[in-house]
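In the text below, chain A, chain B and the rest are named by the order of the sequence lines, each starting its count at 1.
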Amino acid sequence: MTDTSPDTTAGAPAIRRLSVRKHLGFMIGAGILGAIVLVAVFAPLIAPHDPYAQELALRLKPPFWHDGAEPGYLLGTDALGRDYLSRMIYGARISVALSFGAILISGLIGITLGMVAGYFGGWVDTAISALITTRLSLPVVLVALAIVSIVGGSLTVVLLVIGLLLWDQFAVVARTATMKLRNAEYVASAQAMGASRFHILTAELLPNISAPLIVVATVEMANAVLIEAALSFLGLGVQAPLPSWGLMLSEGKNFMFFSPWVITLPGLCLFFLTLSINLLGDGLRDILGARR
Amino acid sequence: MLGFLFRRSLLALFVVFAISVITFVLSHVAVDPATGIAGDSATDADLAAIRVQYGFDQPLMTQYAGYLADLARGDLGRSYLSGEPVGQIIAERVPATALLACLSLLFALGIAIPLGVLAALHANSWLDRMALTLAVVGQAVPNFWAGLLLILLFGIKLGWLPISGSDSLAHFILPAITLGSFAMPALMRLVRAGMIEVLEADYIRTARAMGLGEGQILFKYALRNAVLPVISLTAVQFGFMLGGSIVVESIFAVQGVGYLAWQSMSRSDMPVIQAIVLLISMIYILLTLFADLANAALDPRIRSKA
């Protein structure tokens, strides 16, 4: 976004930008998230084994710090003798792709609805607000599970369902922010110059309401990660043999009494991914001054 | 206030209607309900007979009207699997979920309020920072993973608590901690923020200047005002818990509505799924309505907006 229209958010951007490097939480979050994204992108280069290759002679081998660890299998193996480290590395791809994909869908829906409602007002706003309230009244996990159980679980279905469900906060925030700005001088001048409504919404308003929307995006990304993991954990999400971290927890829970690492390790991955996104979001909220 | 109540209630009614349409369409269009009843091994003749018997051959609008009429009489249909009335099946499971949700809330508030107050009283101290760290960490732990870890620690390693079923109160301790720890961080942050704001208010300063004891100021004036916004968030969090109970109940095999939902989904028992989604959505709507009304009662500015 290289928009040069005047920034109406109060405060001095130059001072805020300085504080990015000094915000510890933001730096930690960005660091962890960056590392996980890199692992996801370069998974085929990093993973020591094929994440789907089964070696039944090497079932449930422990990680290297336990006795009886198998050389070459740093974090041990699962119940089918698949290399756990490689599966966790490939699992990052699913979580990362899914969370980015889901917020792209939900962001597009929510921001469009919210901006249209906020800009046009009147009955358009009433109708869209009713739609938002309906969505807010749906228990997300339950509805997502119900739909996936009806349609059948797969990565695409899970991505679509989560994307189609998590747009509510985008819409709420975009609506309020657009309402505040729709009478701003630069919007009026664009109207006077004969700019189309589409141009005003996308080129004039959107860049100026993007700060709180970016914060919403981080919250929803973390939600998407957790919902996918919960669906897959309940056996209704991503299907085997894909190495989703939630599915690995589900497969591991029958063996956790004797091989606890099969649940601690993928859970730690989920924890660090969610934590990093949350820290990044909290940091951005402080840095962008996007308090809601 | 009455106008606000009326508008919000009208909206709530619309939302219930919209959700009943969504669940109906999902369970009648996305899948073939006849196959759900007869099973995968049924012949085409069986399926045709079932379609006529259950009225699935009728136009969708007619079916929906019939469904609404049944719903109005309190008839939620019958389970495809057991043939028992759905209302009865769900009613049997409500006590366990209600108990779990209440205990979870108790746990969440029991930690959030004292910790939030302490953190606010000692803002920016090590205690405050620890509380905030706990909130950040707690929000990032997937609750099903927390459940599994609690089972490993307290169920297996220490052997203190039962890990599966819902026979006694002890069975509810681990599930309640799992579910409650998810709601705790948001509540704690709100208590802390509210307390910090209230403690700086003029009437607290006045109370201090008049020589009232710190304990009296804290409990009689500050906490009471700081806790007001927490009430509406608690209502919303209670709704989240009902939704989240499906995961937690499945882990601990608590015989509640959430576990029933999961079992029904695994076996495509549509009428039960449909009824549970509708029921929980309705509770959700009531809780949100309550939260909005509570907020409106506290803040007159909100009343004119909605």
Side-chain angles (χ1 to χ4, degrees), chain A residues 25 28-29 126 129-152 219 222 225-236 245-246 249-250 252-253 256-258 260 262-264 266-279 282, chain B residues 8 11-12 14-19 22-23 26-27 29-31 136-137 139-149 151-152 155-157 182 236 239-240 242-247 250-251 258 261-262 264-268 270 273-274 276-277 280-289 306:
Chain A
I28 295 176
T126 311
S129 296
L131 199 64
I132 296 175
T133 313
T134 310
R135 160 53 204 91
L136 283 172
S137 311
L138 287 172
V140 176
V141 175
L142 191 64
V143 171
L145 274 168
I147 297 174
V148 172
S149 76
I150 291 170
V151 184
V219 175
V225 168
L226 290 180
I227 295 173
E228 181 275 320
L231 294 183
S232 301
F233 176 76
L234 290 174
L236 294 165
W245 291 336
L249 278 171
S250 167
K253 70 175 187 291
M256 71 179 192
F257 300 129
F258 300 105
V262 292
I263 63 149
T264 45
L268 274 176
C269 292
L270 279 171
F271 167 70
F272 277 115
L273 178 56
T274 319
L275 181 71
S276 68
I277 299 172
N278 286 347
L279 286 174
D282 286 350
Chain B
R8 275 304 275 109
L11 186 61
F14 165 79
V15 172
V16 172
F17 173 74
I19 289 170
I22 295 172
T23 54
L26 270 178
S27 56
V29 177
V31 286
V136 171
V137 169
Q139 233 149 17
V141 175
N143 59 1
F144 49 92
W145 185 51
L148 294 178
L149 294 181
I151 289 179
L152 269 182
I156 309 300
K157 272 235 161 75
F182 196 68
V236 174
F240 287 155
L242 291 178
S245 69
I246 181 166
V247 179
S250 313
I251 296 173
W262 182 67
S264 310
M265 284 169 190
S266 313
R267 302 174 201 157
S268 299
M270 286 305 152
I273 302 175
Q274 201 179 341
I276 293 177
V277 172
I280 297 201
S281 302
M282 276 168 73
I283 298 177
Y284 233 70
I285 293 165
L286 282 177
L287 288 169
T288 326
L289 188 64

Taking [options] one by one, which has the highest count of heavy-atom pairs under 4.5 Å against chain A?
options	answer
Ile283(B), Thr288(B), Asn143(B), Ile246(B)	Ile246(B)
Ile19(B), Leu242(B), Leu149(B), Thr23(B)	Ile19(B)
Val247(B), Leu152(B), Val141(B)	Leu152(B)

Looking at every non-hydrogen atom in both residues, tell me the closest pair between [X] and [Y] and how far apart they are.
X	Y	answer
Phe233(A)	Leu148(B)	CE1-CD1, 3.9 Å
Trp262(B)	Leu234(A)	NE1-O, 3.0 Å
Ala140(B)	Thr274(A)	O-CB, 3.6 Å
Thr134(A)	Phe14(B)	OG1-CE2, 3.7 Å
Val277(B)	Leu142(A)	CA-CD2, 3.9 Å
Ala229(A)	Phe144(B)	CB-CZ, 3.5 Å

Which portion of [X] sits near chain A, non-hydrogen atoms under 4.5 angstrom:
X	value
Ile276(B)	both
Val16(B)	neither
Leu287(B)	neither
Ser250(B)	side chain
Ile273(B)	side chain

**Check against side-chain contact (heavy atoms from CB on, under 4.5 Å), Phe240(B) and Val141(A)** = CA-CA 9 Å; Phe240(B) 287 155; Val141(A) 175; over 6 Å; no
**Prompt:** Is there side-chain contact between Ile22(B) and Val143(A), with heavy atoms separated by less than 4.5 Å?
**Reply:**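 They are not in contact (no side-chain heavy atoms under 4.5 Å apart), so the answer is no.
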**Message:** Quick one, Ser281(B) and Pro139(A) - any side-chain contact, counting heavy atoms below 4.5 Å?
**Reply:**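 Yes; the side chains approach each other to less than 4.5 Å.
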**Request:** Go through Phe257(A) and Ile151(B) one step at a time and tell me if the side-chain contact (heavy atoms from CB on, under 4.5 Å) criterion holds.
**Result:** CA-CA 9 Å; Phe257(A) 300 129; Ile151(B) 289 179; 4.1 Å; yes
**Asked** Any sub-3.5 Å donor-acceptor pair from Trp145(B)'s side-chain atoms to Leu268(A)'s backbone N or O?
**Response**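 No; zero donor-acceptor contacts below 3.5 Å.
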**Those residues that, when tested against Phe182(B), pass ring pair (Phe, Tyr, Trp, His ring centres under 6.0 Å) (two or more places apart)** =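 With neighbours one apart ignored, the set is empty.
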**Prompt:** Top residue by heavy-atom pair count (under 4.5 Å) with chain B, among Ser276(A), Ala230(A), Gly267(A)?
**Reply:**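 Most heavy-atom pairs under 4.5 Å with chain B: Gly267(A).
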**Prompt:** Any idea which of Leu136(A), Leu138(A), Leu279(A) has the most non-hydrogen atom pairs under 4.5 angstrom with chain B?
**Reply:**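 It is Leu138(A).
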**Prompt:** Relative to chain B, which segment of Ala130(A) carries a heavy atom at a distance below 4.5 Å: side chain, backbone, both, or neither?
**Reply:**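 Both backbone and side chain.
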**Request:** Please flag which part of Leu236(A) lies under 4.5 Å from any non-hydrogen atom of chain B: side chain, backbone, both or neither.
**Result:**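 For Leu236(A), side-chain heavy atoms alone lie under 4.5 Å from chain B.
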**Request:** Measure the CE-CG distance between Met265(B) and Leu145(A) for me, rounded to the nearest 0.5 Å.
**Result:**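 Separation between the atoms: 5.0 Å.
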**Asked** Just wondering, more than 12 heavy atoms not from Met256(A) lying within 6.0 Å of its CE?
**Response**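 Yes, enclosed.
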